[in-house]
Amino acid sequence: MTAEDKPRIGVYICHCGENIAGAVDVEEVRKFAEKLPDVVVARDYLFMCSDPGQEIIKEDIRKGLVNRVVVAACTPRTHEPIFRKACEDAGLNKYYFEMANIRDQCSWAHWHEKEKATEKAKLLVAAAVAKARLLEPLEDRYVELNKDVMVLGGGIAGIFAALDLANAGFKVYLVEKSPSIGGNMAKLDKTFPTNDCSACILTPLMVEVANHPNVELITYAEVESVDGTVGNFKVKVRKKQTYVDWDKCTGCGACLNVCPPKARVPDEYNEGLSTRGAIYIAFPQAVPKKAVIDPDACIRCGGRWFGEEPRKTKDGKPILAPCEKVCPTGACSRDEPRDPNGELIELNVGSIIVATGYRVMDKKHFKEYAPDSPNVITALQMERLISATGPTEGKLIVPSDIPKYLEWKKKIEKGKEAELEARKPHVITFVSCVGSRDERYHTYCSKVCCMYMLKQAMLLKEKYPDLEIYISFIDVRTPGKDFDEYYMRCRKLGIKIIKGKIGGVQRLPDERLLVKGYDAELGRPVELISDIVVLATAMEPNMDLKELARKLGISVGAEGFLKERHTKLYPVDTMTEGIFICGCAQGPKDIPDSVAQAKAAAASAMSLLAPGKMKVEPLISEVDQEKCIGCGICENLCPYGAITLVEVNGSRKSKINETLCKGCGVCAAACPSKAITLHGFTYEQVLAQIRTIAAKKVVEV
Amino acid sequence: MVSETETVNENEERKLKFGLFLGCNITFNRPDVEQAMRKIFPALGVELDDLAGQSCCPTWGTMPSIDDVGWCAVAARNLCLGEEKGIDLMTACNTCYASLNEARHKMLKNPEIMNSVNEILAKIGRKYEGKAKCRHVTWVLYKDIGLEKLRESIKYTLDGLTIAVQPGCHFLWPSEVYPDREKDPFNPVVLRELCEALGAEAPYYTKLIDCCGIGALRSTDPGKSFALAKDKLECIKEELDADLIVAGCCSCMIQFDDVQDKLRKEGKINFSIPVLHYVQLLAICMGFDPQQVAGICVTPRDEIIKRILEGGKR
Amino acid sequence: MELAEEGVPPVINLTELAEKEKEEFEEKVSELIIEFGAENLMACMQCGACASICPLARTGFEWYNKKLIKAILVGMREELLDDMTPWACVACNRCTEICPRNVTPFEVMLAMRRLMVEDFALPTLTIEGLRSLYEHGHAVYMTGREARKKVGLPEKPPTTDSDEKALQELKTILKNTKLAELGLIPME
């Protein structure tokens with residue numbers, strides 16, 4: 001080692017404002033660091049990551065004072081790239097840099113033990129110095145990227161992510177598990193805070209995304225498995241069996257009316273307030289507007305299933321199912337057998353955006369609110385009840401009388417004269433925080449309920465001024481642009497606010513409801529009789545979100561929503577590079593926030609893929625084939641399938657695929673002959689760190 | 001440890017046997033309820049043990065108001081009397097049901113309490129292992145004996161009668177602590193089905209789960225207690241025009257029986273609905289002497305009993 | 001507080017209460033209540049669900065569950081010790097069943113009673129009940145036995161009332177509990 005190469009370490013200690021300095025005596029650590037072997041200078045600064053802070057480091061490098069850099073500050077997760085870049089800018093190989101985390105792992109954890117925190121900080125710095133003495137220069141490498149993107153979920157978030165990418169020239173596969181895109185937003189009547197009609201703003205976007213030349217729409221399909229890594233994901237997608245030939249189906253709807261009453265099941269689109277047939281189109285504005293058969297509901301009219309010979313009438317004519325018979329294009333033909341498992345396709349993409357949305361909690365969990373009563377409904381059911389596309393075409397009646405309405409409608413459609421006897425509500429009560437902020441269900445706030453309760457109340461009150469409307473809130477949460485003004489508009493309309501959680505709803509004999517509440521403003525229990533009780537049930541993760549996250553190799557938080565890489569700085573990234581998240585799959589949020597996140601996720605995917613290649617850190621494993629004994633332990637252990645055993649001069653040797661290796665180090669740790677080196681974390685470097693901490697002084701390895 | 005739903009005497013081959021836990025109110029105020037149980041259970045093939053030396057459960061205003069360990073120690077001694085014989089306890093009083101089971105729940109959940117209790121019990125040569133629990137007569141009749149057997153065992157039916165049921169708070173909440181639980185603790189059906197098995201109508205009414213107002217509330221402020229009871233009685237009158245109120249709890253029964261008389265005297269109500277505990281009603285239907293099984297009341301029962309005996313012979 | 005005229009509700013001086021808690025007492029009321037069994041006291045968000053169905057709140061008592069919890073949190077020690085609301089609680093536990101924060105408001109009521117007991121702030125009837133429990137093994141006890149006779153039962157029930165050994169057992173237990181430490185009733 002020449003004198004030029006001999007390590008000259010600079011140690012830079014950050015106060016992180018009060019975050020570190022509040023618990024660690026920075027000056028003491030600095031003095032300590034100064035005396036460590038090979039350390040030529042130790043400095044401290046209020047914010048080392050700030051421009052002037054970085055300049056201190058750069059200046060020392062430029063002057064030739066230091067050729068190794070140790071920064072003792074916060075987490076390398078967010079700040080290592082920043083300091084590496086500073087080293088590089090000043091002309092030093094950026095892998096001559098080491099970081100000691102004396103904030104998250106020291107000052108924050110030992111906030112009330114200043115002395116011990118300072119001692120621990122010293123050790124962490126000493127360990128980093130010990131490693132810095134052994135650092136080696138490394139060079140970045142590049143991998144080719146596939147520029148296609150898969151967007152999972154065709155709700156408002158998925159649609160926007162797909163559109164932004166497609167408009168920028170990227171090929172997008174938009175995968176949706178339902179027969180139609182549109183998501184939960186398609187069920188909403190109007191949207192806050194401007195009260196514009198949900199369908200009016202959503203359906204044009206649905207059409208646009210479906211017709212976009214760069215978008216391939218794959219509905220009624222789900223992800224089966226995901227392999228590969230950033231830039232080169234291989235995704236297997238299962239297209240579910242539709243039992244209707246979509247190439248022939250024109251969405252005319254002729255089949256819908258002939259499906260027999262016995263095959264009718266609760267309609268998902270109307271949240272169970274009405275029924276649909278076994279053959280159905282998701283909703284009138286569905287995109288694509290295609291019918292599917294629900295095999296669990298289908299009663300197999302004519303005793304015939306797909307691919308079976310039809311029975312014959314006495315005069316030898318085949319007996320066809322009504323849907324089959326009425327279909328003008330032959331899309332419902334049962335002549336050919338159909339695989340109940342559908343079709344498995346494989347797609348290669350460079351990046352994946354997860355926008356699979358949420359579901360609302362069912363009312364059945366909340367026994368204290370008389371969920372057996374048809375007049376206790378969820379807020380999403382209320383959306384359907386007031387929507388022009390809902391079970392009553394937007395006519396406001398008590399839900400217990402919906403069957404009466406449907407009878408009446410049937411008569412009218414047949415041209416008969418009939419009087420609608422359905423009861424109109426006079427009093428409607430909204431119950432907040434049902435399943436949210438509740439340790440029995442979800443401790444989080446669902447964020448949108450306050451606003452949608454206000455919205456529904458406002459729409460109702462404006463349309464029917466005689467309605468008495470009560471909204472119970474624990475707190476009124478309206479922190480958004482124009483949101484509190486919206487709340488005040490409701491108050492001025494005469495909507496009555498109860499500040500307290502409803503504790504019980506009891507059914508009255510006439511299907512009205514006795515509501516028991518508490519009003520903190522009055523400081524007394526309150527009671528009222530209501531025709532409809534609307535439960536603002538929590539938004540919760542979709543049932544299969546955990547499973548999807550597992551397939552994608554991303555994580556979910558304790559509450560079950562997808563976990564972002566960093567709440568503030570990387571809100572749409574995940575711990576798996578190349579996979580982004582947006583919308584309510586990440587957590588409850590309203591439409592403006594979902595759209596903003598979707599656009600952020602699209603932009604993140606674009607900035608990743610646009611260059612066509614990606615810089616990859618050289619912190620990966622390498623095999624010394626001289627030492628390798630070909631035992632194969634590493635091959636079995638590698639979680640990324642990056643290791644294969646190859647024939648070299650007649651003996652088996654381990655080989656690492658640099659593109660697939662993520663630098664996890666499992667192979668290096670397990671190798672019995674120490675033939676594998678994980679660059680940046682070599683055996684010697686890690687051992688030097690450990691021994692330094694154990695011996696409480698810098699140890700030579 | 002025995003799981004919550006398992007019963008000590010689950011073996012169907014074995015004869016059902018329970019320790020008859022009396023509590024204070026039944027023993028001294030309403031022994032007709034005790035007599036009703038002593039009549040019906042043997043007739044239904046259930047053996048009763050006297051649990052000789054049993055005491056107060058203890059009720060809320062006593063040890064539970066001092067501390068957990070003292071509460072649990074008194075409860076555990078009562079539970080021991082059953083556990084030592086390999087049987088569960090059975091009660092017709094919701095307070096006993098709740099106090100004993102809440103204490104058991106605390107002991108099972110918190111080993112520290114269990115250990116402290118057993119240190120105290122050691123001084124009298126006993127040990128509670130958490131096995132024996134207290135069952136509610138309502139549940140024993142519903143689950144262990146079954147509606148079918150009840151239908152077969154009665155001599156008189158209640159056809160044409162409308163009953164307002166009063167399961168009582170401690171039959172329902174906190175559901176976590178009880179060995180048997182309604183599917184929906186806010187819409188209880190067990191007592192209703194038991195009444196219907198005897199031929200009566202026992203419809204839902206709006207205030208079915210509301211509190212009767214007895215206990216500490218009544219001893220602290222009788223006026224407020226009566227107001228609460230009045231609220232519920234009026235609902236029973238208006239919504240059901242019930243012929244009879246049937247409680248699963250001895251205390252609720254006492255409250256509605258007493259309060260009606262007082263409210264009538266004060267001119268606050270003008271109706272009189274007889275009140276029975278379910279075991280009393282069953283005993284009457286099974287043909288036992290009404291004087292013995294339902295002979296103590298303030299609100300008159302004669303007419304309804306007469307109607308049952310005359311009207312409903314099967 | 002001195003400023004309040006008669007009939008005018010006084011302002012609650014939070015500063016004064018907080019200072020008192022710090023200076024005059026070893027432990028805050030809230031800490032004592034937690035020790036006495038209301039482990040989840042601090043999780044209360046004052047949603048009011050418990051109060052909406054509480055028989056005490058519905059019949060006009062002052063310090064029902066929700067307000068009691070709040071008063072404990074701000075340290076209204078003296079006012080609470082003077083108020084008998086906790087002793088009126090019917091223990092119905094409907095609040096426990098619906099509390100979204102698992103605060104078990106009934107346990108707070110019970111803990112408040114336990115705190116009051118230490119201060120001898122308990123109703124005469126309660127002392128009477130405890131004495132009766134100790135002396136007869138029954139909190140509710142009657143000497144008259146007409147009712148038992150009338151329905152054809154032996155005058156003596158098979159309880160501690162007819163079983164001296166059992167009564168002694170119970171007394172031994174009670175003597176080894178906090179009841180004995182408190183000295184609320186004579187325990188020979």
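All chains are named by letter (A, B, ...) in the order of the sequence lines, taking the proteins before the strands, and each is independently numbered beginning at 1.
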Check your understanding: Given that the side chain runs from C-beta out, which part of C:C92 has a heavy atom under 4.5 Å from chain B: side chain, backbone, both or neither?
Key -> both
**Study point:** Interchain contact, B:T220 with chain C, by part (heavy-atom threshold 4.5 Å)
**Key:** side chain
Exercise for review: Please flag which part of B:R30 lies under 4.5 Å from any non-hydrogen atom of chain C: side chain, backbone, both or neither.
Suggested key: neither
Practice item. Against chain C, label B:S219 side chain, backbone, both or neither, depending on which of its atoms sit under 4.5 Å from a heavy atom there. Key: both
Study note, to complete from the structure: Under 4.5 Å to a heavy atom of chain B? For C:L115 that would be neither
Review point. What are the two closest heavy atoms between C:C89 and B:A216, and how far apart are they?
Key: O-CB, 3.2 Å
Practice item. Check step by step if side chain to side chain contact (heavy atoms under 4.5 Å, CB included) holds for C:V90 and B:I214. Key: CA-CA 7 Å; C:V90 289; B:I214 202 179; over 6 Å; no
Point to revise | Pairs of heavy atoms under 4.5 Å with chain C: top-ranked of B:G215, B:P58, B:P64 | key: B:P64
Check your understanding: Are C:W87 and B:S65 close enough, and set up right, to give a side chain to side chain contact (heavy atoms under 4.5 Å, CB included), and what steps lead you there?
Key -> CA-CA 9 Å; C:W87 295 100; B:S65 301; 3.7 Å; yes
**Study point:** Part of C:L184 lying under 4.5 Å from any heavy atom of chain B
**Key:** side chain
Check your understanding: So what's closer than 4.5 Å to chain C heavy atoms on B:A73: side chain, backbone, both or neither?
Key -> both
Review point. Near C:K165 NZ, under 6.0 Å, is it more than 12 heavy atoms from other residues, nucleotides or ligands?
Key: no
Exercise for review: Sequence neighbours left out, what pairs pass side-chain hydrogen bond (donor to acceptor under 3.5 Å, both in side chains) with at least one residue falling in residues 170-181 of chain C?
Suggested key: C:E118-C:K178
Check your understanding: B:R218 versus chain C, heavy atoms under 4.5 Å apart: side chain, backbone, both or neither?
Key -> neither
Point to revise | Side-chain heavy-atom pair C:R148, B:E34 within 4.5 angstrom cut-off | key: yes
Review point. Taking the side chain from C:H136 and the backbone from B:S55, do they hold a donor-acceptor pair closer than 3.5 Å?
Key: no
Exercise for review: Answer yes when B:K123 and C:E169 have at least one side-chain N-carboxylate O distance shorter than 4.0 Å, and no when they do not.
Suggested key: no
Study note, to complete from the structure: Output for pair (C:T96 OG1, B:E176 CD), nearest 0.5 Å, gives 9.5 Å
Practice item. Check whether C:D163 gets within reach of chain B through its side chain, its backbone, both or neither, counting any heavy atom under 4.5 Å. Key: side chain
Check your understanding: Got a donor-acceptor contact below 3.5 angstrom from the C:E97 side chain to the B:S175 backbone?
Key -> yes
Practice item. Check C:L174, C:V117, C:L110 against B:I66 for a side-chain contact (heavy atoms from CB on, under 4.5 Å) and give me the one that passes. Key: C:V117
Practice item. Please determine, among B:D289, B:D32, B:D68, the option with the most heavy-atom pairs under 4.5 Å with chain C. Key: B:D68
Check your understanding: Salt bridge or not for B:D67 and C:R113, using N-O below 4.0 Å?
Key -> no
Point to revise | Residue among C:S162, C:A147, C:P157 with most heavy-atom pairs under 4.5 Å to chain B | key: C:A147
Review point. Of all residues at least two apart in sequence or in a different chain, which pass the salt bridge (charged side-chain N to carboxylate O under 4.0 Å, His left out) check with B:E47?
Key: B:K17
Point to revise | Smallest separation among heavy atoms of B:R77 and C:L170, with atom names | key: NE-N, 4.3 Å
Check your understanding: Does C:E27 CD have over 12 foreign heavy atoms under 6.0 Å away?
Key -> yes
Check your understanding: Above 12 or not: heavy atoms from other molecules or residues under 6.0 Å from CD of C:E24?
Key -> yes
Practice item. With a 4.5 angstrom heavy-atom cut-off, could you sort out which part of C:L133 is near chain B: side chain, backbone, both or neither? Key: side chain
Practice item. Taking all non-hydrogen atoms of both residues into account, name the closest pair between B:F28 and C:V140 and its distance. Key: CD1-O, 3.4 Å
Point to revise | Pairwise side-chain contact, C:V151 with B:Q291, heavy-atom cut-off 4.5 Å (strictly under) | key: no
Review point. So do the side chains of B:C56 and C:Y141 get within less than 4.5 Å of each other, counting heavy atoms only?
Key: no
**Study point:** Heavy-atom pairs under 4.5 Å with chain C, option from B:D210, B:I209, B:V293 with the top count
**Key:** B:I209
Review point. Can you check whether C:L153 reaches B:R38 side chain to side chain, under 4.5 Å on heavy atoms?
Key: yes
Point to revise | Separation between CG of B:N110 and CD of C:E39, rounded to the nearest 0.5 Å | key: 7.0 Å
Check your understanding: Quick one: what part of C:E107 sits under 4.5 Å from any heavy atom of chain B, side chain, backbone, both or neither?
Key -> side chain
Check your understanding: Between B:W173 and C:F106, is the gap from one ring center to the other below 6.0 Å?
Key -> no
Review point. Under a 4.5 Å heavy-atom cut-off, does chain C meet the side chain of B:E119, its backbone, both or neither?
Key: neither
Exercise for review: Answer with side chain, backbone, both or neither: which region of B:L81 has an atom nearer than 4.5 Å to a non-hydrogen atom of chain C?
Suggested key: neither
Point to revise | Contacting moiety of C:L56, where chain B heavy atoms sit under 4.5 Å | key: side chain
Practice item. Mind ranking B:G168, B:A98, B:C169, B:G70 by heavy-atom pairs under 4.5 Å with chain C and telling me who comes out on top? Key: B:C169
Review point. Which residue out of C:A88, C:G144, C:A166, C:G60 racks up the most heavy-atom pairs below 4.5 Å with chain B?
Key: C:A88
Revision key, fill the gap. Contact list (residues 19-27 of chain B to chain C, heavy-atom gap under 4.5 Å, by number) returns B:L22, B:G23, B:C24, B:N25, B:T27
Exercise for review: Using the side-chain hydrogen bond (donor to acceptor under 3.5 Å, both in side chains) rule, collect all pairs that involve residues 45-65 of chain C, keeping only residues at least two apart or in two chains.
Suggested key: A:Y518-C:Y64, A:E527-C:R58, C:Q46-C:K66, C:E62-C:K67
Review point. Going by heavy atoms in the side chains, are B:Q54 and C:T160 under 4.5 Å from each other?
Key: no
Review point. Nearest 0.5 Å, what's the CZ-CZ distance between B:F186 and C:R94?
Key: 6.0 Å
Review point. Does any heavy atom of chain B fall under 4.5 Å from the side chain of C:L122, the backbone, both, or neither of them?
Key: neither
